[in-house]
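Submitted below is the structure of interest, expressed as C-alpha cells.
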Amino acid sequence: MMEPVGLCLVLPCFNEEATLGYSVETLVAILDGLADRGVVSRQYGMMCVDDGSEDGTWAEVCRLSEQYHGRLSGIKLSRNVGHQNAILAGLERVVGKYDAVVTMDADLQDDVSVMEEMLARYGEGCDIVLGVRRNRNSDSFLKRHTAKMFYGLMKNTHTPVVPNHAEYRLMSNRVVECLLQYGERNVFLRGIIPSMGFKTAKVYYDRAARQYGKSKYPLAKMLNFAVEGITSFSIRPIRSIFLVGVVSLLLTISVGIYVLVAILLGRSYPGWASLMLSLWFLGSLILVALGIIGEYIGKIYLEVKSRPRYFIEDTTDGDGHKKRGTNCE
C-alpha cells in the first residue's frame with residue numbers, strides 16, 4: 001500500500017469573493033474523503049494567492065483561514081501580477097513542505113474528483129500529471145474557436161503545450177523545486193512544465209460551468225496570453241520574417257523582369273494604382289515585421305532589468321494569524 005501523500009493545493013484568486021467559500025468547502029470535503037481512505041495525509045494544505053483582487057477576496061481568505069485553521073493559508077500580492085506569477089508565488093511558499101502540489105483555478109470549473117486519479121498516477125511514479133479537458137463543448141462559439149486557433153499556432157511554432165490543458169496539474173516536490181529555478185520574468189507554465197522532461201501522465205475530465213462570478217479571461221487576455229506563449233518559446237515568427245522577405249524579393253525580381261520586357265516591347269502604361277498598392281503592401285509587411293521584432297526586444301528588455309515578479313503585502317497562516325508580508329520574488 002502506498003503511504004498517504006502529503007498534498008497541498010495552490011489556488012490563484014482574482015476577484016473570487018463570491019465563489020471562494022463554496023470552492024474551499026468543496027475541496028475540504030474532497031480532501032477529507034481522500035484522507036479517510038488513506039490516499040492523502042491528514043496534514044494536507046491549501047494555499048490561496050490573492051492576485052491583487054479589487055473585491056473582498058482577501059477578507060474571505062482570512063475568514064476561511066480561521067475557519068479551517070491548520071489547513072488553509074493565504075498570501076496577498078501587492079498588485080495584480082497575472083495568473084502565472086500568482087501560481088509561482090504560491091509554489092514558493094509551499095515548496096519543500098509537501099510531497100506533491102496540485103495547482104487549480106479557484107472557480108472550481110476543473111473537476112476536482114479526478115485528483116484521486118492524479119494521485120494514483122503519482123503513486124505509479126509520475127512526477128507530473130496534467131489535467132486535460134475531454135472537449136470544449138461548454139465554451140462559447142468564440143472561445144471554442146479561438147482556443148483551437150491558439151493551439152494551432154502553438155503547434156506550428158513548436159511550442160511544447162498540451163492541447164486543452166490549462167493550469168490544473170499535479171507536480172511532485174522535486175518538479176516544483178526545479179520549476180522555481182527558472183528565473184525568467186515572462187512566464188508561460190503551460191510550455192515550461194511539459195518541456196522539463198519528467199515522467200508525465202494525463203487525466204481527462206469534463207469542465208463544468210462557473211457556479212459564481214464571471215470568467216477572468218476575456219478575449220483580449222487570451223490573445224495576450226497566446227502572444228506571450230509563442231514568443232516565450234519559439235523564434236519561428238522572426239524566422240518567418242526572413243522567409244517573407246525572400247518571397248517578396250523574388251516577387252519584386254519577377255515584376256522587375258515583367259516591367260523591363262514591357263518597356264522593350266513598348267507596352268508600358270502609367271501604373272499609379274498598382275504602384276500605390278505595392279507601396280501599401282510592402283509598408284504593411286515592414287510594420288508587421290517591426291512589431292514581431294519589437295515583441296522580442298521588449299521581452300529582452302524586461303529580462304535584463306530582472307525586476308521582482310511580485311511583492312507580498314499580507315499573509316495569513318493556517319491559524320488565522322495575519323502579518324504584513326515582506327517577501328518578494
Side-chain angles (χ1 to χ4, degrees), residues 1-12 23-24 26-49 68 70-73 83-84 86-134 160-182 187-208 318:
M1 292 290 290
M2 186 180 71
E3 289 291 321
V5 178
L7 182 68
C8 183
L9 308 185
V10 172
L11 309 171
S23 298
V24 170
T26 302
L27 289 170
V28 168
I30 293 287
L31 292 171
D32 281 346
L34 293 174
D36 290 340
R37 297 199 300 276
V39 178
V40 301
S41 167
R42 292 199 176 275
Q43 282 69 51
Y44 65 79
M46 287 182 282
M47 169 59 67
C48 294
V49 183
Y68 298 103
R71 297 180 180 179
L72 188 143
S73 303
H83 194 247
Q84 307 289 281
I87 291 174
L88 287 177
L91 294 175
E92 285 275 3
R93 301 290 290 191
V94 304
V95 62
K97 299 178 182 178
Y98 300 90
D99 300 321
V101 176
V102 170
T103 61
M104 62 167 53
D105 292 339
D107 58 22
L108 232 60
Q109 287 186 264
D110 299 315
D111 185 0
V112 295
S113 66
V114 301
M115 270 197 293
E116 186 167 5
E117 187 178 352
M118 286 181 167
L119 291 162
R121 301 289 83 77
Y122 169 78
E124 294 169 0
C126 294
D127 283 291
I128 301 171
V129 185
L130 305 177
V132 182
R133 296 175 62 176
R134 287 193 182 92
V161 297
V162 176
N164 295 326
H165 163 67
E167 308 303 338
Y168 188 27
R169 64 178 73 88
L170 178 146
M171 296 176 286
S172 68
N173 183 68
R174 70 170 177 168
V175 170
V176 176
E177 290 177 341
C178 293
L179 176 62
L180 294 176
Q181 294 179 35
Y182 284 75
V187 183
F188 185 64
L189 296 178
R190 298 188 199 182
I192 291 175
I193 292 171
S195 71
M196 293 177 71
F198 290 97
K199 186 176 180 181
T200 302
K202 301 174 187 176
V203 298
Y204 294 88
Y205 68 96
D206 294 315
R207 189 170 171 84

Point to revise | Closest non-hydrogen atom pair, Gln84 against Arg190 | key: OE1-N, 4.2 Å

**Study point:** Criterion side chain to side chain contact (heavy atoms under 4.5 Å, CB included) on Cys178 and Phe198, from CA distance to verdict
**Key:** CA-CA 10 Å; Cys178 293; Phe198 290 97; 3.7 Å; yes

Check your understanding: Considering all heavy atoms of both residues, which atom of Gly90 and which atom of Val10 are nearest to each other, and what is their separation?
Key -> CA-CG1, 4.0 Å

Practice item. Report yes if the side chains of Tyr44 and Asp32 come closer than 4.5 Å at any heavy-atom pair, otherwise no. Key: yes

Practice item. With rounding to the nearest 0.5 Å, note down the distance linking CG in Leu189 to CE in Met196. Key: 10.0 Å

Practice item. Could you walk me through whether Leu108 and Leu27 pass side chain to side chain contact (heavy atoms under 4.5 Å, CB included), step by step? Key: CA-CA 9 Å; Leu108 232 60; Leu27 289 170; 3.9 Å; yes

Practice item. I would like to know whether Leu34 and Arg37 meet side chain to side chain contact (heavy atoms under 4.5 Å, CB included); could you show each step before the answer? Key: CA-CA 5 Å; Leu34 293 174; Arg37 297 199 300 276; 3.3 Å; yes

Practice item. Flag the pair Val101 / Val95 as yes when at least one side-chain heavy-atom distance between them is below 4.5 Å, and no otherwise. Key: no

Study note, to complete from the structure: Tyr122 and Ser172 have their tightest heavy-atom pair at CE1-CB, 3.8 Å

**Study point:** Leu91 and Thr103: CA distance, side-chain angles, deciding distance, side chain to side chain contact (heavy atoms under 4.5 Å, CB included) verdict
**Key:** CA-CA 9 Å; Leu91 294 175; Thr103 61; 4.2 Å; yes

Point to revise | Arg207 backbone acceptor or donor facing Gln109 side chain under 3.5 Å | key: no

Point to revise | Arg71 side, atom CZ; Arg42 side, atom CZ - distance, nearest 0.5 Å | key: 8.0 Å

Point to revise | Exercise: identify the closest heavy-atom pair between Tyr205 and Asp111 | key: CD1-N, 3.6 Å

Study note, to complete from the structure: Smallest heavy-atom separation, Asp107 atom then Ser23 atom, equals C-OG, 4.1 Å

Exercise for review: Determine, for Glu124 against Arg121, whether the closest basic-nitrogen to carboxylate-oxygen distance falls under 4.0 angstrom.
Suggested key: yes

Practice item. Please answer whether the main-chain N or O of Arg133 pairs with a side-chain N or O of Tyr168 as donor and acceptor at a distance below 3.5 Å. Key: no

**Study point:** Straight-line distance of Leu11 CG to Met46 CE, nearest 0.5 Å
**Key:** 7.5 Å

Practice item. Give the minimum heavy-atom separation between Gly6 and Ser41, together with the two atoms involved. Key: CA-CB, 4.1 Å

Point to revise | Interatomic distance, Met171 atom CE to Cys8 atom SG [nearest 0.5 angstrom] | key: 10.5 Å

Check your understanding: Would you say Leu88 and Tyr182 make side-chain contact, with heavy atoms under 4.5 Å?
Key -> no

**Study point:** Close side-chain approach of Leu9 to Met115, heavy-atom, < 4.5 Å
**Key:** yes

Check your understanding: With no hydrogens and no angle check, is any side-chain donor or acceptor of Asn173 less than 3.5 Å from a backbone partner on Asp99?
Key -> no

Check your understanding: Roughly how far, to the nearest 0.5 Å, is the CG atom of Leu72 from the CE atom of Met47?
Key -> 8.0 Å

Check your understanding: Looking at residues at least two apart in the chain, or sitting in another chain, which of them share a side chain to side chain contact (heavy atoms under 4.5 Å, CB included) with Ala29?
Key -> none

**Study point:** Nearest-0.5 Å distance that lies between atom CE in Met104 and atom CD1 in Ile87
**Key:** 11.0 Å

